[in-house]
Amino acid sequence: MKNRTFILLFAIMASVAVVLSACGGNESSNKDNAAANKSESEDYSVAIVTDEGGVDDKSFNQSSWEGLKAWGEEQGLSKGNGFDYAQSSDESDYLPNLTRLTRDGYNLIFGVGFLLQDAVTKVAEQNPDTNYAIIDTVVEAPNVASITFAEHEGSFLAGVAAAMKTKTDKLGFIGGVDSDLINKFEAGFEAGAKSVNPDIEVDIQYVGNFSSAADGKLIATRMYENDTDIIYHAAGAAGNGVFAQAKDLKQNDPDREIWVIGVDRDQHEEGKIGEHNVTFTSMVKRVDLSVQEVSDMGAKDAFPGGEVLEFGLVDDGVSLAKTNEEAMSDDIISAVDEWKEKITNGDVTVPKTRDELKEFEESL
Amino acid sequence: MHSNKWFNILVPIISVIIGLLSGAIIMLVSGYNPIQGYVALFNGAFGDLYFFGETIRQTTPYILTGLAIAFAFRAGLFNIGAEGQVIVGWLAAVWIGTSMEAPMYIHLPLALFVAALAGAFWGFIPGLLKARLGVHEVIVTIMMNYIALYSANAIIRRVLTDSADKTETIASSASLASEWLEGLTYFSRMHYGIMIALFAAVIMWFIIERTNIGYELKSVGYNQHASKYAGMSVKRNIVLAMVISGAFAGLAGSMEGLGTYGNMTVSSGFSNIGFDGIAVALLGANTAIGVVLAAFLFGALKVGALNMPTHAGVPNELVDIIIALIIFFVASSYIIRWIILRFKKEEK
Amino acid sequence: MEYVIEMLNIRKEFPGIVANDNITVQLKSGEIHALLGENGAGKSTLMNVLFGLYQPEQGEIHVKGKKVNISDPNVANDLGIGMVHQHFMLVEPFTVTQNIILGSEPTKKGKINLKKAEKEVQELSDKYGLRVDATAKISDISVGMQQRVEILKTLYRGADVLIFDEPTAVLTPQEITELIEIMHALVAEGKSIILITHKLKEIMQVCDRCTVIRKGKGIGTVNVEDTNVNELASLMVGREVSFKTEKKPAEPKETVLEIKNLIVKDTRKVEMVKGLNLDVRAGEIVGIAGIDGNGQTDLIEAITGLAKSSSGSIQLNNKKITNLSPRKVTESGVGHIPQDRHKFGLVLDFPIGENMVLRTYYQKPYSKYKVLNYKEIYQKAKTLIAEYDVRTPSVYTKARALSGGNQQKAIIAREVDRSPDLLIAAQPTRGLDVGAIEFIHQKLIEERDKGKAILLLSFELDEILDVSDRIAVIFDGKIVADVHPDETSEQELGLLMAGSKTKEAGDHHAFE
């Protein structure tokens with residue numbers, strides 16, 4: 001008796017759901033058409049899908065969003081009307097987010113971060129009429145533009161600066177996830193440091209994710225306890241923990257020389273503590289510029305589909321921030337510029353992997 | 001009897017409505033239009049066949065983890081370890097899916113079976129420890145979750161791949177993905193797993209309601225002393241409950257491995273499929289049919305919520321709060337029950 | 001005389017049943033008033049109405065002549081009504097004082113003034129002769145003292161009217177005597193008492209007047225002085241009740257149960273049964289008399305397979321059943337009515353119908369190929385319920401919802417129906433009312449007359465003397481005497497049970 005009622009109830013619910021979805025279907029397909037019409041008659045529309053970090057991660061995703069916002073405002077658009085973002089809370093959200101924005105009629109959709117590689121590959125195959133861009137990795141498809149950065153070059157300069165700044169000759173590197181991409185940061189940084197002083201020690205640790213600031217803080221605590229005085233992080237939001245720890249130490253002992261090198265964006269703001277600032281410099285990756293540039297290309301009917309765009313030192317796609325004037329002394333700046341020159345004119349090839357780093361060290 | 005039955009149906013429905021209302025209040029207070037918000041939520045879950053497909057896709061593993069936890073609950077055990085069992089099931093399914101070649105009628109069932117087996121084994125350990133040594137299953141299963149997570153990561157990096165972040169994609173002969181279903185739903189990731197999940201619900205119902213095993217498990221869950229008196233082996237039943245529960249959770253993992261993703265990624269945190277299964281089981285009152293309905297609600301909320309920021313401008317953080325509120329009220333149906341009784345009393 | 005409390009024409013309905021139908025109770029100031037009725041007659045419902053837990057559909061409550069509306073227990077507290085529950089509501093790790101002040105803590109600037117409270121509690125205890133140590137932890141004190149803490153709790157909250165719900169059910173004979181003294185002391189101090197009970201002896205001993213309830217209806221109020229036990233019993237049950245069970249002399253035949261040199265250790269590895277010998281023959285009821293804690297429980301658990309025996313042998317029909325699993329023991333022909341029916345006898349959250357096959361669910365026709373046949377199960381349950389007069393709304397009702405007597409009848413139906421050669425009945429009538437007790441005793445004797453062997457364990461000497469054909473006295477894990485009920489007395493048994501007099505087993509009846 002009881003079961004029968006339940007089954008009946010479920011049957012009713014299921015049929016209601018189907019009917020509703022059928023109605024909803026018409027409605028939304030109308031909307032799709034509207035959106036498509038809108039984008040044809042009006043402007044080119046662009047959206048980004050973040051990885052787990054979200055648009056306020058003070059790093060990579062935020063930078064992308066800022067770039068898109070800047071582009072959109074330049075075009076006289078507003079959020080939700082011409083450009084927008086969708087946040088993902090875990091990997092299962094990537095594909096639905098991409099598909100949803102596609103179905104909403106956006107002309108170009110960025111997948112921010114290499115984590116979205118699979119999802120972008122799939123959605124690009126399913127929707128050949130929409131353009132996609134993937135940041136930090138390569139997706140081979142005619143309707144996908146791949147945006148990569150020469151992070152190793154920027155990291156090399158960070159290594160140079162850190163080697164000149166350190167008093168203990170101990171540097172730290174905290175990566176997010178041990179992967180090819182982050183290894184580029186690691187190799188470049190170590191190579192840069194050792195180019196200045198081959199005896200410098202670089203302590204390399206990985207958080208295991210890009211999101212846990214608590215874990216980042218824990219690793220930073222241990223490094224600073226071990227007399228490391230400069231930590232370069234490439235750990236996204238987990239890197240916020242590194243700043244937190246450095247600021248804690250600085251607050252307790254303002255005389256202690258302790259530094260963080262930020263990543264992706266200029267993280268000067270993150271380092272402020274009272275009148276001090278623990279952000280020595282930042283390896284700025286101009287994701288915002290790349291987003292702006294690719295969006296522009298798309299809007300001008302020159303979408304670089306199937307191409308791999310590398311942004312490096314040459315075009316200021318990566319650079320070292322000089323916001324902390326106190327810390328970045330003139331001799332450091334001139335040394336950095338010197339090495340930059342050597343890299344851009346091809347005198348020095350910066351290693352991208354641990355193996356290449358080994359070779360590089362041997363050649364020193 | 002009669003009024004009781006309606007009461008049992010009424011309570012979860014009212015819970016959901018109160019959850020939605022309180023979510024609406026939050027949106028109003030924060031300056032967003034709740035009607036727009038919920039329309040976006042609804043459209044994001046059922047708006048067209050694509051979203052409906054995604055909702056079903058999300059519902060599939062929820063049904064299985066819900067069943068897993070409900071099954072253990074019926075035997076008086078709290079299997080928080082469904083999460084870990086999902087992970088080992090996922091890994092096992094992908095392992096079988098990537099490492100061998102066989103015709104589909106062997107490969108797919110084998111992958112599913114091994115996933116269930118892996119989950120069952122992951123449930124067996126805490127079950128055995130509970131039965132033999134009286135170690136509380138909650139503590140053991142929580143620990144087992146971490147072991148599963150980090151072991152799976154290590155195996156993906158060191159064994160299945162050469163320190164890559166994800167496994168290869170499984171062979172098509174082991175895949176649950178269906179071009180037909182994907183085509184039907186505009187490339188949603190809906191896959192045949194839903195049929196396995198619904199079938200599992202029938203199995204769960206049958207075991208619990210119709211067999212000696214179910215009778216014994218329920219009896220042990222309610223009263224171990226009386227079960228012993230009745231001649232049942234309490235220890236055997238505890239282990240059995242955890243094994244079957246683990247098998248359901250393992251299958252849930254295979255839904256992700258063989259259906260949704262077709263691979264497994266090194267993960268820094270839990271998938272939450274297992275943890276959400278706890279709420280699904282509670283909302284479904286630990287019955288098979290209830291779990292199916294509750295899983296459908298959770299799946300719809302999870303998928304539909306993605307649509308709220310872009311279509312209604314409600315920020316993600318707020319969406320999380322609203323969804324959490326709905327789940328909160330649903331899970332705290334006890335309070336609702338109490339309030340209804342209170343009203344009834346006043347009426348008289 | 002002024003009435004402190006008047007409950008006039010109270011009616012309380014639950015879905016499907018009228019629990020109280022037009023009941024009137026009037027409590028005089030300074031009296032002990034009994035509320036008498038069978039289990040399930042509606043006594044507790046009525047008192048819960050008075051205590052504000054239920055709202056009546058009809059009727060009025062007057063306190064000290066004024067009409068009141070008791071909407072919740074707090075109102076009842078304010079009106080000076082206190083309830084001493086059958087199941088104590090105490091926090092074990094707390095002290096007596098902490099428990100008493102719980103919910104109405106005297107505070108000074110947000111801090112609890114425990115010293116002051118302790119002093120007050122101690123004074124209160126001394127005033128009524130309750131002899132409670134205000135600083136003792138609940139987990140360290142006896143059940144009797146816990147009950148006195150409950151009494152203190154109501155007094156501390158200023159109760160003038162105390163409701164005692166079956167207070168003697170959990171007490172030893174000595175503690176009962178003490179409780180009666182306390183009740184008298186309370187009345188002497190001007191309190192009034194309502195005593196909920198179904199024990200007639202107690203009413204005769206302490207009460208002034210008695211209101212009888214039968215099946216939810218108020219039968220009337222009598223002066224205890226003007227009545228006697230038999231009249232009260234027939235008022236309560238609605239027919240004549242015999243207190244002496246009628247039975248033919250036993251005709252013992254072959255030995256069914258034979259226990260030799262049995263040693264059983266409890267879970268703490270302490271020897272509880274120490275080389276015990278016992279025989280039970282077909283067609284006789286052997287009563288085991290003894291003070292709780294002398295190995296009775298362990299003996300029965302060893303026979304039924306619930307506990308392991310360390311040495312010795314147990315034979316059933318000349319077959320060894322020592323240390324067999326409970327199921328094997330059951331299948332070899334042992335029925336067991338367990339001492340604790342809630343813990344062992346029933347799965348309270350199962351429907352009563354499913355409880356009826358708790359021991360046989362796996363057998364045909366209830367189960368085939370491990371699949372249950374609910375049609376057969378409920379068919380069987382319906383038959384048993386009708387046959388043994390188990391009163392339940394339906395076979396689908398949870399066992400929990402049944403009254404104690406009906407639960408016990410269900411267990412007996414289940415165990416007797418399997419027609420076991422040996423039926424072990426451990427405290428089969430504990431907590432039951434006269435009608436149910438009578439029924440159960442008759443069933444036991446019927447089984448005996450069918451040629452079954454019955455082993456009866458009871459802490460009530462009346463029951464042992466009344467029902468047994470032979471009494472085995474257990475003391476310190478051994479059978480110390482074997483006596484015939486007609487040739488002994490309560491006094492003699494009492495001495496034997498206390499171990500102060502030994503009578504070699506076998507003095508009266510030869511053992512094979």
Side-chain angles (χ1 to χ4, degrees), chain B residues 1-8 10 73-77 131 133-134 202-237 240-241 244 285-287 338-348, chain C residues 12-16 53-58 71-72 301 304-307 324-331 336-350 354-355 357-363 366-374 377 393-394 396-400 411 414-415:
Chain B
M1 265 315 260
H2 244 270
S3 61
N4 229 349
K5 189 172 64 192
W6 282 111
F7 192 64
N8 283 338
L10 201 64
F73 265 137
R74 294 302 282 272
L77 298 164
L133 303 170
V202 174
I203 296 282
M204 145 106 179
W205 170 84
F206 186 76
I207 293 179
I208 289 286
E209 303 296 343
R210 283 289 174 272
T211 66
N212 292 7
I213 298 171
Y215 183 84
E216 291 189 12
L217 287 174
K218 282 185 287 179
S219 174
V220 168
Y222 285 134
N223 184 342
Q224 297 197 355
H225 298 285
S227 308
K228 197 177 166 197
Y229 159 86
M232 304 166 188
S233 164
V234 172
K235 290 176 181 177
R236 200 185 70 108
N237 276 294
L240 189 67
I244 296 177
N286 297 325
T287 61
W338 183 78
I339 293 171
I340 295 180
L341 282 178
R342 183 95 200 172
F343 267 110
K344 271 192 176 170
K345 213 161 127 185
E346 306 241 307
E347 262 170 42
K348 280 172 181 171
Chain C
K12 174 71 200 166
E13 286 172 34
F14 291 112
L53 290 167
Y54 296 142
Q55 303 304 313
E57 267 83 51
Q58 264 176 39
S71 51
D72 65 66
E301 288 188 351
T304 51
L306 290 168
L324 289 183
S325 71
R327 175 153 298 168
K328 287 270 161 55
V329 173
T330 310
E331 284 174 349
H336 178 198
I337 300 161
Q339 190 167 343
D340 189 332
R341 59 176 164 266
H342 288 176
K343 194 170 165 190
F344 286 99
L346 295 166
V347 177
L348 290 174
D349 292 298
F350 269 173
E354 289 182 36
N355 267 297
V357 294
L358 195 58
R359 310 263 260 174
T360 47
Y361 66 92
Y362 59 95
Q363 292 167 348
Y366 313 121
S367 171
K368 260 187 225 167
Y369 308 111
K370 306 247 173 206
V371 176
L372 294 172
N373 184 339
Y374 277 99
I377 290 173
S394 88
Y396 305 105
T397 307
K398 281 189 178 169
R400 187 180 290 287
I411 295 173
R414 181 182 72 210
E415 295 305 308

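Order of the sequence lines fixes the chain letters, A, B, ..., with proteins taken first and strands second; residue numbering starts at 1 for each chain. What you are looking at is a predicted structure, and each value in this text was computed from that prediction instead of being measured.
- Note that the OG atom of S325(C) and the NZ atom of K228(B) stand 11.0 Å from one another [nearest 0.5 Å].
- Of the two parts of Q224(B), neither the backbone nor the side chain holds a non-hydrogen atom closer than 4.5 Å to a non-hydrogen atom of chain C.
- When the salt bridge (Lys or Arg N to Asp or Glu O under 4.0 Å) test is applied to R327(C), no partner is found at least two apart in sequence or on another chain.
- Among Y366(C), Y374(C), Y369(C), Y362(C), the residue with the largest count of heavy-atom pairs under 4.5 Å with chain B is Y374(C).
- Shortest non-hydrogen contact noted between G231(B) and P326(C) is CA-CB, 4.2 Å.
- Across all their heavy atoms, R359(C) and Y229(B) have their closest contact at NH1-O, 2.6 Å.
- Both the backbone and the side chain of Y361(C) come within less than 4.5 Å of a heavy atom in chain B.
- Both the backbone and the side chain of E354(C) come within less than 4.5 Å of a heavy atom in chain B.
- Looking at R400(C), neither its backbone nor its side chain comes within 4.5 Å of chain B, counting heavy atoms on both sides.
- Remark: K370(C) NZ to N212(B) CG distance equals 6.0 Å, nearest 0.5 Å.
- Considering every non-hydrogen atom in both M232(B) and L358(C), the closest pair reads CE-CD1, 4.3 Å.
- Using a 4.5 Å cut-off between heavy atoms, E415(C) touches chain B through its side chain atoms alone.
- Scored by the salt bridge (Lys or Arg N to Asp or Glu O under 4.0 Å) test, D340(C) finds no partners at all (sequence neighbours excluded).
- Aromatic ring centres of Y215(B) and F350(C) lie closer together than 6.0 Å.
- Considering only residues two or more places apart in sequence or on other chains, V202(B) meets the side chain to side chain contact (heavy atoms under 4.5 Å, CB included) condition with none of them.
- Using a 4.5 Å cut-off between non-hydrogen atoms, the part of residues 341-348 of chain C that approaches chain B consists of H342(C), K343(C), F344(C), G345(C), L346(C), V347(C).
- With rounding to the nearest 0.5 angstrom, the CG atom of D349(C) is 11.5 Å from the NZ atom of K218(B).
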